[in-house]
Each structure stands twice: as structure tokens, then as C-alpha cells.
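This report concerns only the one structure given below.
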Amino acid sequence: MSESASRPRDFIRDMIDADLASGKHTGVVTRFPPEPNGYLHIGHAKSICLNFGLAEQYGGRCNLRFDDTNPAKEDQEYVDSIAADVRWLGFDYGPEPLFASDYFEEMYQIAIKLIREGKAYVCDLNDEEIKEYRGSLKEAGKHSPYRDRSVEDNLDLFTRMRAGEFANGAKVLRGKIDMSASNMKMRDPLLYRIRHDEHHRTGDAWPIYPMYDYAHPLEDAIEGITHSICTLEFENNRELYDWVVDNAGLPCKPEQTEFARLGLDYTVMSKRKLLQLVEQGHVSGWDDPRMPTIAGMRRRGYRPEAIRRFCDMIGVAKNNSVVDIGKLEFAVRDDLNQIAPRVMAVLRPIRLVMSNYPAGKSEQLVAPYFPADIGKPGERELCFDRELYIEADDFAEEPEKGFRRLAPGRWIRLRYGYCVRCDEVIKDDAGKLQEIRCTYDPATLAGEGPAGEKVWGVIHWVSARHSLPAEVRIYDRLFKAERPDAGDNFLQHINEDSLHSRIARVEPSLASDSADTHFQFERQGYFVKDSVDSSSTGLVFNRVIGLRDSWNKQSTESEAATTPTAKSARSATRPKSRSKAEIRAGARERHPVLAERFARYQEQGLSEGDADLLSGSPAWGERLETLLGAGLSIDVAAKWLIHEQPREQDEPIVFASEPAEFVALVQAAEGRISTAAARKLWAQLAHEKGSAESSIRDQGLEQRSDDASILPLVSAAIAAHPDKVAAYRGGKEALLGFFVGQVVRESKGAANPEAVKALLAAELAK
RNA sequence: UCGGGGUUCGUCUAAAGGCAGGACAUCAGUUUUUGGUACUGACUAUAGAGGUUCGAAUCCUCUACCCCGAACCA
């Protein structure tokens, strides 16, 4: 709890801090509740890092709980893969994960309790009828004809549902809440449905299964969850969540908080779309290295450290956001840079022969695994002999400007080896480059270049005779469009060219290194052996991610045109709901008293806007009249009311203190006390009975504006921040506000900010 | 009878009513036997309009735009 400085801050952690500080909670218990109906993806990783991270940070606990309440979709395969992925990411959920299905009996008993209390009923409407009775976004629903069944009948029917007497869909259990609620979730929600399905854990023990909105809050309450964190699309469900928690009769009262799910550009994230990619064969499986799944990223070679770092970098908030994929790539490179031994591999080999190097000779050169700036130990031997392979891209017969590699007549250094000069190129009949002939300089191994010659660059190489062939798979992004799911068919944006496989030549040491070593192929990128296809007889490497490349960049730019974010048909046709102004106008139409006020307030000098607000509902006008009656002028009363009066649901709360106190306060604000203090005091007096005069006295609000009493504070503030003083004098005038704030705070609000400002400006100018 | 959320550099994200900060990206430069790394610098933002205030990203009003909600899915 004390390492907060290095921890990411966000609104959820702020909330938990407040809950702990207020004593609302003494500890933190969270949960990650996947439904076992698909593989985990990077979006889940954000949630996992949040929930488990919170538990770690606050010394609490995070449960991995499978929300397995729909037997038709769920499967043990998914349970296993999800549990493995969470472990792999590095989080501890204890010896075994938890299952919602373990609470089925308890949930059933709570349903019986709800029925006994008249809060739930069995409904015989079929699905179309239920939908019809539910009404629409703009119209209230109507009561089910079965809503008023007796408790006895409900109990009997529900017991028989549980006993398996009824067919799928014949009956449901519904909460009896409010068919006219503006939140559709509250219109007598379904609690249980009949499903004669084999469940992956409970088998055929249950013919009825609880719905998410009923089951989830109970699962949380049963497990003693304090903070139930989910994504934004569940905001509408929160009211029902609270209803279930309040009526369950369980001691624990968890609360739901929503945050924005992760969006990543150039990828899709929904389970449905991912499943489609797998089933239609656009990828080789859930663990295809191009997939945004945890399994895919693992196989691709991303490490859990990188994924967690990425999750820390993106933060947690409520904005709908789409993160730049480059941020993930940065996290992956940054992680691998620290740990990947450097080796050499030639991806597109071209033969280089050193004419002056003896034919039978071979040297063992020693090369370190890490560059000096990484500073890690380790080295291996390299075979250097007459014939080598170098990268085809590292040679140009006619080099363009800025090309710092091999070309006819130029010297370059072979990494960890000698410098060579290109003397001639050998081509076949078709004019295709076959071989590069060079001269090597035996004096250049230690570090010196050839005497008097410019060395154009350093390139990597392998021995032609001693190097090994290896398949190398280069991945590009799966989609060409920045927002593949913006339109109606994400598949049209698939990048058909997202996988390149070729046979490379690698240094022999790679054959014997362990299967999960991440390498950097120098000047190329990071690579790891493919966990499925690589073997000692056939090496297969995946490119995890390329190195940053400021030379080749322009040629690898992907499709520039971003698909315009097609407005969903839904939101385009969605009618506007009434604004607050329209609601107020409507109120005036219905109530002549309000209309009369609207006219009168304007006659008395209020602006139309202020008059509108104060005549928009009865309560506003009543507060205003009260203040007027106590002797305030209408413009002053309106100003304070509109800006300072505390509200609940947009309605002003009832004055707790006598109207005369507000008048006294307003008078004091003429100069005796600061505006800021007056504003706080107004809220205070509105909330609880009090006296303006004694509050001013007790809280020491009396304002001081004489130079003599504020000069010491001003001088102290100036002395305490020499750097800011310098910046201010250097032209950063916004700092004046900073100093005013310092002085005012130091005086506990008593120093008159205007006087402070003037004095400060004078002192700072000296 | 519609309701619930949201809008700060290109992107993500910070700022008890008082310094608009950080990261990624981009562009320069330094170092470099990786066109890597590291380091330095530059760049660019409070959706719009009014108001309250000594002072507004933050409070009030209006407007605009985006997301979610009418599954016996979660």
C-alpha cells in the first residue's frame, strides 16, 4: 500500500484508497470471472492485470472464477486453457480456480427466499411474448399475466422447474421489480431459465440455470468480493446487480465498478470474430502467432513481462479507447532487449567469397552474446572461413544515397570479424546475382579498419559451410485496416500477406540452445523457436518482432488509408432524447405557476437562461422565493443558488439552515470572507443547520488583505520555490497562480487572494 | 418514457479550483563493430459557445459528437 509512487494511479485505486480510509472496507478482494467459452486475449490480460494487480498491491486476494452458468456454450477445454494462461501471465489464484456452478444450490435457495418474499415469480410467457411485454426504450412494458401468482403457486412451480418437470423454455423465474423502469434491465428480469443440457461440471444435476444478472452478484457476495470490476457495457446492469445484492440476504455487499475494455488498432478482439478467424481457417488456430490471444502471443514469443508492462502503460479509465499497437510492440522490444542473447542469422542469403582467404582455412572467432550497454556475460564461437553468407539486402550494386552497406569497391566490416572489400560480382546468364567476390584484410580483426580506407558499415554473416538451415516465419499484422471492425465485414480487411516463411542460414549454436530462449538476430529482430513445429532436426523460428528500423521504415508502411469509422446504423438512426432545457420547458407548459415565474423573473431582471433554470421545476422557484423573502436581491440570490446550491438529481436540496443565514453569508462574501470560503460555507449551511456568523468565527474565515499580515507568507512562498521564481521571471507567468495558491493555502484560506496576487506580482518583480 | 456512460497532444493517460505533466508515436541530434540500445532536443492537446471566480480542463448553462442498453448470452 505504500509503494503507491511507482504504481499506476487510476480512478479505481483512488476509490479503493477512499474505501480503506473511510473504513468501508478493511481489505481488498477482487475476481477475474471469465466464461469458459473461448480463449483469453490481450483484452482479458488488461482485466487480469487490473484485478490481480489490485490484490497484490493491497495485500488482498483475487479469485479466478469461471462463470459457467450456460452449459450450452461452455467446455472443459476452455477452462484448462484459461487457467493456464492466467498462470503463465504470472498470477496466483491459489491451488484451484473457483466455479459459479459450485454455488448453484445456494443460488437456488436464495431464489426460493425471493419467491417467499414476493420478489420473484414464475412466468409462463414464451420468449416472443416476454420481449413484447418488455416494451421498448421509449415505452414502458406491461405486466405479465403471471406476475400476481401466489407465493404458494410460485414455490410449487419453481420446485417443479428444478425437478425437471417442464420443457426448455416453458417457464422462467423472474424478479418482480418494475415493468416501467427506464432501465430495461429492471423490467422484471429473468433469473432462471430451463435448460435440459449437460453441464461440463454438474452433468445433468440441474435442469435450470441462473442468468448472469442474477448469478454474478451472488457469486461475488458468496466469495466476499469487495470490488467487482467489469467493463463499461455492464453499466446498465449495475442497478440490477445492486437489487440482487440487496435482496439476497448475504452479509457481503460487493459493489460493481466499470472501466473501459481494451481496444487495439489493426486487430479484432471479440470472441465471436476470433472464433470466425479460427473456424474459417484464416489462421492456424487459437494459438496462431498472429492472433491477439494470450496463447497466440505466447507462441509468437511475447513474454508475460511485456504484456504486464503494456497493461501498466495503457492505464485504466472510462474513455472508450483504442490503443496504438505500437505501444504493445514497444513493450515487447523493451522487454526482449534486456534478455535476448544476440546471434547472427541470414534471412535471405547471398554467397560472399574472399579470394585472398586460404581455401582450407577456418578460424574460431569469439563473439559476446550481449552488447556492452546490456552488460550481461556470455559468448560463443563463430566459424569464419572463405565462403560466407550475407544478407541480400546488405549489398547493392548501385547504392542509393545513405546506403551504409556493401557495394562494389567499398569496405565494410563483418560483425565480430574482418573488414572486406567488394571486388566484383558474379551473375548468371539471366543477370541474377550469384556471388560477391571480396578481399579481406587480415589486419582488421581487432578493431582497426583497413589503413587509409573508409569502412561503410557493419553487416552480419554466417559461414557457408558451418551454418544451419532454418525455417523462419515473419509475421505482419493480420489486418490492413486500422479499425477492422468499423464496417460491417471485418474479414474484407484481412492482410493476405501476413505470414512469410523462408529458409534462412543460422549459426550452429542455435541448434543446441533451449527451446524457449528468445534471441535477437542481430540487425533483424527478435526470434524464438516455434513451440509446435521446431525440432532438433528441423529448426523453425518465429519472428517475435522486428528491430526498430529507421532505414527501411518508409518501405514497410502499411496501408495508409484508414477505414472511416462507419457510423453504426444504430446510432445514426437513434433519436435524440429530450435535453434538460426541453424538460424544463415542458414542465412550464404543464404548470402555469412555473410559466408565470419564468416571465416574472425576466421582468425582474434575470437573464433568460437563469430564469429558465429557476422556473424549470417547483423546487428551484421555492428556494429562490425563500431567499428573496429573506431580503436578497433577485440577481444575487439567483447567482448563488445556481452556482452554489447543492443538488440531488438536479433538484436543489432543502435549506437546512435559516434563510437569514444565507443572507448573512452573502453579505460576508462582499469582502469579509473570500469567495472560496463563502462557497464552501454555502454548501455547509445547505446541508446542515448552522450559523454563518459562528462558522466564520470558528473556522477563522475572516479575510486578511493588509500587506503587513500577508507579506510574511508571500515572502515565505517565494523563498520556498526558487526554481519557480526563476521560471516566472523567465516568462512563465502562469506560475503566479501557483504562488497565489501556495499563499492562500498556507493562510488556511484567510489571505485575500486578490491582495496576495498584487503583492506577489510586486515582490516577484523586484 | 428513453435511460446510462463518455469527449485533454496523432494514440493512451495524469492534473485537492492555482505549473496542462508522463508514456508511445513522429522528427532532429549525440554515442555505437546492431541503421538496435542509451542519451539530448523538438513537436503537438483541454470538443464548441456562454457564465461564476482574483484564478476554470476541473463548478454552472446550452450545443455538438461518440459508446452502451429492448438475448431464456456473459
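Source: prediction; values computed, not measured. In the text below, chain A, chain B and the rest are named by the order of the sequence lines, each starting its count at 1.
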Against A:His460, only a single residue in A:Gln524, A:Arg415, A:Arg342, A:Glu522 fulfils side chain to side chain donor-acceptor pair (under 3.5 Å); can you say which?
A:Gln524
Is it the case that the base of B:rA23 and the side chain of A:Lys327 share a donor-acceptor contact (distance under 3.5 Å, atom types as modelled)?
yes
Whole Å only: how far is the CG atom of A:Asp324 from the P atom of B:rG10?
13 Å
Walk along nucleotides 28-37 of chain B from 5' to 3' and tag each nucleotide B, S or - by protein heavy-atom contact under 4.0 Å, base first, then sugar-phosphate.
-----BBBBB
B:rU34 - base-pair partner by Watson-Crick or wobble geometry, distances under 3.5 Å:
none
Any-strand Watson-Crick or G-U partner of B:rA20, both distances under 3.5 Å:
none
Does B:rU11 have its OP1 or OP2 closer than 4.0 Å to a side-chain nitrogen or oxygen of A:Ser321?
no
Can you measure A:Glu239 atom CD to B:rG5 atom C1' for me and round it to whole angstrom units?
14 Å
B:rU13 OP1/OP2 closer than 4.0 Å to side-chain N/O of A:Asn319:
yes
Watson-Crick/G-U partner (both atom distances under 3.5 Å) of B:rU61:
B:rA49
Using whole Å, report how far CZ of A:Phe234 lies from P of B:rG6.
18 Å
Whole Å only: how far is the CG atom of A:Asp14 from the P atom of B:rU13?
15 Å
Flag the pair A:Lys73 and A:Glu35 as a salt bridge only when some basic side-chain nitrogen lies within less than 4.0 angstrom of an acidic carboxylate oxygen.
no
Among A:Ile208, A:Ile194, A:Val122, A:Leu190, find the residue that satisfies the side chain to side chain contact (heavy atoms under 4.5 Å, CB included) test when tested with A:Leu173.
A:Val122
Which letters describe nucleotides 47-59 of chain B, given B = protein heavy atom under 4.0 Å from base, S = only from sugar-phosphate, - = neither?
----BSSBSB---
Assigned partner base of B:rC27, Watson-Crick or wobble definition, under 3.5 Å:
B:rG41
Kindly say whether the aromatic ring centers of A:Phe738 and A:His721 come within a distance under 6.0 Å.
yes
Which of B:rG4, B:rG5, B:rC73 is nearest the side chain of A:Leu232? It is B:rG5
Establish, with yes or no, whether the OP1 or OP2 oxygen of B:rA74 is under 4.0 angstrom from a side-chain nitrogen or oxygen of A:Arg65.
no
Figure out the CG/P separation between A:Asn237 and B:rG69, and round it to whole Å.
10 Å
